Every structure is written in C-alpha cells, then in structure tokens.
J.: 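Have a look at this one.
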Amino acid sequence: MLYEHLGINDAGHLTLGGADTVALAEKYGTPLYLLDEDRVRENCRTYIRAMKEHFGGESGPLLASKALSFKGIYRIAAEEGMRTDLVSIGEMMTAHAAGFPLSRAYFHGNNKTDKDIETAIRYGVGTFVVDNLEELEALDRIAGELGVTQDILLRLSPGIDPHTLAKIATGSVDSKFGSAIETGQAEEITLRALSLSSVRLLGFHCHVGSQIFETEPFTDAADIMLGFIACMRDRHGFTASVLNLGGGFGVRYVESDPVIDYCENIRLVAAHVKARCAEYGLPMPEILMEPGRSIVADAGVTLYTVGTVKTITGYKSYVSIDGGMPDNPRYALYGSRYTVCLASRMHAERDFVATLAGRCCESGDLIGEDMVMARPVRGEILAVLTTGAYNFSMASNYNRIPRPPLVLVSHGTDRIGVRGERYEDLYRLDE
Ligand code: LLP
C-alpha cells in the first residue's frame with residue numbers, strides 16, 4: 001500500500017484512517033471525497049516540528065489554501081498552529097468564516113484588484129505578498145487611505161528551473177509571478193517599497209514550483225534569495241527579517257514515486273540556509289514555507305462506483321465511473337498519475353489494465369490510462385488514492401454535474417466536511 005494510513009480490513013475492504021471506505025460509500029453515496037483528518041494533522045506537525053527544530057525562531061509553515069480550501073481545513077490548520085496563504089478573497093472569506101485568525105494569513109496573487117486589496121486590508125490580513133510594482137503602488141495608496149501600515153513581503157523570481165511539469169513551475173524569470181532578480185526589477189521594487197510610508201517591508205518570497213522531489217531547487221533558490229538579501233543590505237542598508245521559500249515538496253502518487261522524508265528535506269535546506277547566512281554575515285531570517293500538496297494530498301481518497309466495463313476488441317479496456325474530470329481534472333490538465341484500487345475487493349488479483357474514464361461528454365475526461373487494477377464489476381467501489389490536494393479545490397460543474405461531498409474521517413469515525421451539491425444548487429443562481 002502507498003501509505004500506512006491506508007489498510008485492508010477483515011472484509012477485504014480498503015480502510016482510510018481506520019474507516020471502512022465501502023461502508024462510507026454506502027452511507028454517503030459516490031463520488032465521495034474522503035479526507036483523513038489525523039493524517040492532515042500529522043503532516044502539519046511534521047512541518048511545524050521540523051521547521052522549528054532546524055530553522056528556529058518564529059520559522060514555520062503556511063498551509064497553501066489553493067491545495068484545499070473549505071472551512072474544516074482552516075479549523076484544523078488553526079488548531080495545529082499553522083499559518084495560511086491565500087490567493088483570493090474567496091479563500092480569505094472561507095478562512096475568516098471558519099474563525100481562522102487572518103493576522104496569520106499571507107495574501108498572494110499576481111493580479112490583486114483594488115477591491116481585493118481594500119477588502120483584505122479591512123479584514124486584517126497580516127501580510128501581503130506583493131507581486132509587482134503596480135500592485136505595490138496601489139497597496140500603499142489604499143493602505144494610506146485606510147490609515148493602515150501594511151506588512152509586506154515582495155515576491156521575487158529567482159530564475160530557477162525545477163524538474164517538474166512546466167505548467168506548475170513558477171520560479172523562472174519568464175513567468176507571470178513576481179519581480180525578477182536577474183533583470184534588476186527586484187532591486188527596483190525593493191527600493192520603492194522602502195520609500196513608501198503605508199507599507200512595511202519585512203522580507204522576500206519565492207516559489208519555484210510544485211511536485212518537486214529533490215532539495216536542490218530549494219537550496220538553489222535559497223542561495224539566490226540570500227545573495228539578494230545580502231546585496232540589499234550592502235547597497236541599501238536593508239536587512240530582510242523574513243524569507244519565504246514557497247511550497248512545492250512532492251508527494252507519492254504511484255509506487256514508483258520516491259518516499260519523501262519531509263523532515264530530512266527541511267534539515268538539508270536549513271543546513272544550507274545557515275551556511276549561506278554565516279558566509280554573508282546575515283542573521284538567520286524567519287523562514288516560511290508554503291506546503292499545500294504535502295499537507296493534504298496523501299490524506300485524500302476519492303471513491304467512485306463502477307459503471308460500464310468495456311473492452312474494445314484489439315484495443316484496450318475502459319472502466320467508466322460515476323465521477324471524472326469535474327471532481328479531478330488533473331489527468332486532463334497535466335497527465336498526472338494516480339493509483340487506483342478496487343476498494344470492495346482489495347485481495348483480488350490486480351491483473352487488469354484499463355483506462356479509467358469519467359462520464360462527461362468529452363473524450364479527454366479520464367482519471368488515468370494504463371491503470372492496473374483488479375477487474376471490477378458494475379456496482380463495485382473503486383478508490384483513487386492521494387486525491388486530497390488540487391481535486392476538491394479544482395472541481396467544476398462541467399456538464400452540470402454536482403460536486404461530491406467531502407467527508408472527514410478520524411480514528412474510524414466520519415463527519416461531513418462539505419455537503420454534496422444537489423441538483424437545485426446547480427441552477428440556484430440562474431435567473
Ligand atoms: N506557494 C505558492 C506561491 C504557490 O504558487 C503554490 C502552488 C504553493 C505555495 C503550494 O505548492 P505545493 O506545496 O502544493 O506544491 N494545480 C496544480 C498545482 C499548482 C500549484 C500552484 N502553486 C496541480 O494540481 O498539480
């Protein structure tokens with residue numbers, strides 16, 4: 001099994017966090033998002049502990065909201081002592097509605113509107129991560145009008161090319177995110193921020209990409225960022241007190257993906273940061289990281305009911321399920337790989353290779369191809385593993401398919417985190 005919080009019970013059913021997934025499929029229907037709350041908490045604790053131990057001071061992780069945003073996740077994050085990053089007012093309102101202290105939130109986004117800026121300031125978002133010069137000017141103006149001095153970080157692009165999918169690599173110079181160090185724009189925005197009276201510059205942010213298995217992209221980024229921090233000190237007398245290294249540690253979707261020791265990765269990055277700080281004579285900044293996927297992905301499982309099982313003579317087999325790209329668009333978008341299992345017969349031999357297809361009127365509506373599983377029968381329950389990140393948060397109503405419920409499991413108990421949409425919800429806003 002991919003992870004130790006997944007198991008098989010006496011009935012031969014898949015369990016998640018001790019709960020029988022087939023029983024949950026019966027209770028709530030399918031498709032169904034499951035999230036192992038205990039696993040999420042464990043992942044939060046791993047980051048908090050490792051960052052405190054290796055970086056020290058106030059260093060710690062922010063939950064990247066984009067990976068999974070609903071009220072329950074902010075309650076868990078708050079209870080665990082996580083901070084959070086937000087990329088939209090929608091995420092901010094959700095966190096606020098859950099009682100998450102917005103003073104512990106960091107507001108991202110490469111195109112914040114004046115309305116976004118004003119709303120986030122009024123709600124007391126702790127820190128803005130400012131993407132560009134135009135935003136900086138707008139923020140200073142609006143903060144001034146509201147009589148606030150807003151804490152900020154500046155998002156810089158370090159010019160790193162991580163070994164991940166181009167669509168989820170974000171730290172290169174030619175990117176819609178941040179101000180590039182290489183072109184001199186990072187220095188320009190830093191100087192401007194220091195000259196303004198309604199913003200207070202705390203430090204810098206970078207994010208190199210997502211689903212990264214190596215530590216090099218992070219240590220390379222830290223090198224460049226610390227070099228820039230030292231340069232700003234030498235040239236302009238400004239010493240950053242915060243360095244946010246972004247998110248991006250990978251997770252294991254299939255057996256061939258490596259097992260990642262986040263604690264060890266953090267230790268390696270920290271050792272590197274410490275050495276560079278010593279070299280430059282810099283005090284150790286407060287280090288922030290923004291994990292999304294590595295906090296929630298492995299805690300999630302999606303359950304589906306098998307429909308048609310079709311073998312096209314001379315070609316391949318298709319297993320159709322009652323969900324698909326509306327609840328998980330990642331294969332359609334990125335060709336992402338997943339592990340699938342027959343939750344209702346876990347001991348059955350996995351000797352069947354099939355394309356897992358959804359029910360949208362679109363041939364690209366697939367969860368995966370060449371997926372190995374036990375040959376399922378109509379009505380059985382299939383589980384797609386590691387779906388906690390970027391599934392619920394990227395779901396759509398394409399073909400007017402209602403979004404499934406999200407159920408939290410903990411120590412064998414279950415409760416609704418998000419109710420499933422009803423058909424009436426689909427046309428609720430239609431005139
Ligand atoms: N911080 C920033 C500024 C980011 O842009 C991201 C992800 C994160 C943190 C969190 O990265 P993580 O730890 O989750 O890798 N939809 C894509 C992923 C897009 C990630 C965008 N930024 C997917 O489904 O793979």
Side-chain angles (χ1 to χ4, degrees), residues 40 43-44 46-47 51 60-69 73 77 82-88 91 105-112 127-132 153-158 160 162-172 175-179 204-215 217-218 221 225 242-254 257 260 262 265-266 269 287-300 302 325 327-338 367-368 384 386-396:
V40 172
N43 291 338
C44 292
T46 300
Y47 267 95
M51 290 192 69
L62 330 177
L63 169 73
S65 290
K66 71 212 80 180
L68 183 63
S69 180
I73 200 75
M82 299 281 288
R83 287 167 263 185
T84 191
D85 93 10
L86 311 164
V87 292
S88 70
E91 288 178 354
Y106 294 70
F107 188 30
H108 272 284
N110 65 303
N111 186 22
K112 302 177 186 80
T127 309
F128 273 60
V129 182
V130 175
D131 184 87
N132 57 68
L153 301 178
L154 295 176
R155 178 163 181 168
L156 307 183
S157 37
I160 300 280
H163 305 125
T164 188
L165 296 167
K167 281 186 188 158
I168 54 177
T170 45
S172 54
S175 156
K176 72 168 182 167
F177 298 106
S179 306
F204 302 102
H205 168 280
C206 66
H207 171 79
V208 290
S210 201
Q211 184 61 356
I212 299 170
F213 290 114
E214 307 89 10
T215 50
F218 297 95
M225 297 297 286
V242 178
L243 173 59
N244 184 331
L245 292 174
F249 282 153
V251 303
R252 199 160 178 244
Y253 286 102
V254 291
D257 285 336
I260 308 142
Y262 299 112
N265 278 10
I266 289 167
V269 176
I287 301 289
L288 305 176
M289 291 180 116
E290 295 169 336
R293 194 188 307 271
S294 51
I295 298 287
V296 291
D298 66 10
T302 307
M325 67 188 287
D327 63 80
N328 181 359
R330 298 192 68 255
Y331 186 77
L333 277 174
Y334 318 115
S336 311
R337 294 184 308 161
Y338 282 100
I367 298 290
V384 176
T386 330
T387 56
Y390 303 112
N391 275 231
F392 176 83
S393 65
M394 293 178 76
S396 77

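In this text the structure is predicted, and so the values were computed from the model without any measurement. Each ligand, and each atom within it, is numbered from 1 in the order the structure gives. Worth knowing before you read on, the calculation uses all heavy atoms, side chains too, and leaves out hydrogens, waters and symmetry mates.
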J.: Check whether Thr84 reaches the backbone of Ala105 with its side chain - one donor and one acceptor, N or O, closer than 3.5 Å.
T.: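 Not a single qualifying donor-acceptor pair exists.
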J.: Answer side chain, backbone, both or neither: which part of Tyr334 comes under 4.0 Å from ligand 1, heavy atoms only.
T.: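 Under 4.0 Å from ligand 1, Tyr334 contributes side-chain atoms alone.
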J.: Purely on distance, is any nitrogen or oxygen of Ser294 under 3.5 Å from one on ligand 1?
T.: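 By distance alone, the answer is no.
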J.: At less than 4.0 angstrom from any non-hydrogen atom of Gly292, what atoms of ligand 1 do you find?
T.: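 Near Gly292, the atoms of ligand 1 are 12 (P), 13 (O), 14 (O).
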J.: So, does Ser65 use its side chain to make a donor-acceptor pair with the main chain of Glu91 at under 3.5 Å?
T.: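 No; judged by distance alone, with no hydrogens or angles, the pair does not exist.
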J.: What atoms of ligand 1 come within less than 4.0 Å of a heavy atom belonging to Met394?
T.: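 The list of qualifying atoms is 16 (N), 24 (O).
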J.: With heavy-atom distances below 4.0 Å as the criterion, list the atoms of ligand 1 near Pro291.
T.: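 Those of ligand 1 that fall under 4.0 Å from Pro291 are 13 (O).
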J.: Just distances here: any N/O of His205 and N/O of ligand 1 closer than 3.5 Å?
T.: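 In fact, backbone or side chain, His205 has no N or O that close.
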J.: Going by the atom numbers of ligand 1, which of them fall below 4.0 Å from some non-hydrogen atom of Gly247?
T.: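 Those atoms are 1 (N), 9 (C), 13 (O).
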J.: A side-chain contact here means heavy atoms from C-beta on lying under 4.5 Å apart; do Arg252 and Asp298 qualify?
T.: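 Not touching, per the 4.5 Å side-chain cut-off.
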J.: Can you name the residues that form a salt bridge (Lys or Arg N to Asp or Glu O under 4.0 Å) with Asp327, not counting sequence neighbours?
T.: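 Testing Asp327 for salt bridge (Lys or Arg N to Asp or Glu O under 4.0 Å), a comparison that skips the adjacent residues, returns none.
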J.: State whether the side chain of Gln211 and the backbone N or O of Val251 hold a donor-acceptor pair below 3.5 Å, judged by distance alone.
T.: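 Yes, because the side chain of Gln211 sits within donor-acceptor range (under 3.5 Å) of the backbone of Val251.
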J.: If we set the cut-off at 4.0 Å for heavy atoms, which region of Ser210 has an atom near ligand 1: side chain, backbone, both, or neither?
T.: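 Under 4.0 Å from ligand 1, Ser210 contributes backbone and side-chain atoms.
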J.: How long is the straight-line distance from CG of Asn244 back to CG of Leu153, given to the nearest 0.5 Å?
T.: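 These two atoms lie 6.0 Å from each other.
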J.: So, do His108 and His207 have ring centers that fall under 6.0 Å from each other?
T.: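 Not close enough - the centres of the two rings lie 6.0 Å or further apart.
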J.: Please enumerate all residues that pass salt bridge (Lys or Arg N to Asp or Glu O under 4.0 Å) together with Asp131, with sequence neighbours excluded.
T.: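 So Asp131 forms no salt bridge (Lys or Arg N to Asp or Glu O under 4.0 Å) with any residue.
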J.: Please check if atom CZ in Arg337 has more than 12 non-hydrogen atoms from other residues, nucleotides or ligands closer than 6.0 Å.
T.: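 For Arg337, atom CZ is not crowded (no more than 12 foreign heavy atoms under 6.0 Å).
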J.: Run down the list His108, Gln211, Lys66 and name the one with the heavy atom closest to atom 2 (C) of ligand 1.
T.: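 Comparing heavy atoms across His108, Gln211, Lys66, the nearest one to atom 2 (C) of ligand 1 lies in Lys66.
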J.: Taking heavy atoms and a distance under 4.0 Å, where does Asp85 meet ligand 1: side chain, backbone, both or neither?
T.: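 Within the 4.0 Å criterion, Asp85 contacts ligand 1 through side-chain atoms alone.
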J.: Could you list the atoms of ligand 1 found under 4.0 angstrom from a heavy atom of Arg293?
T.: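 Selected atoms, number and element: 12 (P), 13 (O), 14 (O), 15 (O), 18 (C), 23 (C), 25 (O).
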J.: Taking both backbone and side-chain atoms of Arg330, is any N or O found less than 3.5 Å from an N or O belonging to ligand 1?
T.: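 Yes; at least one N/O pair falls below 3.5 Å.
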J.: Identify, by atom number and element, the atoms of ligand 1 in contact range of Glu290, meaning under 4.0 Å from any of its heavy atoms.
T.: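 What qualifies from ligand 1 is 1 (N), 2 (C), 3 (C), 8 (C), 9 (C), 10 (C), 13 (O).
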J.: Taking N or O atoms only and a 3.5 Å limit, does Gly246 qualify as a polar contact for ligand 1?
T.: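 N/O-N/O distance under 3.5 Å: no.
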J.: For a 4.5 angstrom cut-off between non-hydrogen side-chain atoms, does Cys44 reach Leu63?
T.: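 No. Closest side-chain heavy atoms not under 4.5 Å.
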J.: In ligand 1, which numbered atoms sit nearer than 4.0 Å to a non-hydrogen atom of Arg155?
T.: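 Every atom of ligand 1 under 4.0 Å from some heavy atom of Arg155: 3 (C).
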